[in-house]
Amino acid sequence: MKKYFIITVDTEGDNLWNWSPGNVITTENGKYVDRFQNLCDEFGFKPVYLTNYEMANDNRFINKLKNWETEKRCEIGIHLHAWNTPPIL
């Protein structure tokens, strides 16, 4: 009997656990998600990338995900952080 499971990947800015209001959030880690996607492709997995605000604004990262999603290699979801996702009240 075939078993199914979902692989989710939280994609978020660099070093967010040390973030403080006013700090710039970088997204350099988005450069390396290709390695994980290649591993998933090798084993026939279709990951779900749960993307937060800053990653959703990184065009380089989003273009990769859009291409993979169009090719049916992944799915894209949302993963928001209330402390740094606009509107911030």
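By convention here, the first residue in the shown sequence is residue 1.
Residues near Val24 contribute nothing to a hydrophobic cluster around it, because no ILVMFWY side-chain heavy atom sits closer than 4.5 Å to its side chain. In this structure, Leu50 belongs to a hydrophobic cluster whose other members, linked by side-chain heavy atoms under 4.5 Å apart, are Ile6, Val48. Tyr4 belongs to no multi-residue hydrophobic cluster, having no ILVMFWY side-chain contact under 4.5 Å with any other such residue. Grouping Ile, Leu, Val, Met, Phe, Trp and Tyr by side-chain contacts under 4.5 Å, direct or through others, puts Tyr49 with Phe5, Ile7, Val9, Val33, Phe36, Leu39, Phe43, Phe45, Met55, Phe61, Ile62, Leu65, Trp68, Ile76.
Under the side chain to side chain contact (heavy atoms under 4.5 Å, CB included) test applied with Glu12, the options Asn52, Thr27, Leu80 reduce to a single match, Asn52. The side chain to side chain contact (heavy atoms under 4.5 Å, CB included) with Lys64 is formed by just one residue from the set Asp58, Asn59, Asp34; it is Asp34.
The environment of Arg60 atom CZ is dense: over 12 non-hydrogen atoms of other residues, nucleotides or ligands sit within 6.0 angstrom.
Sorted by first and then second residue, the pairs that involve residues 73-88 and meet salt bridge (Lys or Arg N to Asp or Glu O under 4.0 Å), not counting sequence neighbours, are Asp41-Arg73, Lys46-Glu75, Glu71-Arg73.
For the pair His79 and Thr11, the minimum side-chain heavy-atom distance is 4.5 Å or more.
Neither side chain, Glu69 nor Asn67, offers a donor N or O lying under 3.5 Å from an acceptor on the other.
For Asp14, the side chain to side chain donor-acceptor pair (under 3.5 Å) test picks out Thr26, Asn29, with sequence neighbours left out.
In this structure, OG1 on Thr51 lies 11.0 Å from CG on Asn57, to the nearest 0.5 angstrom.
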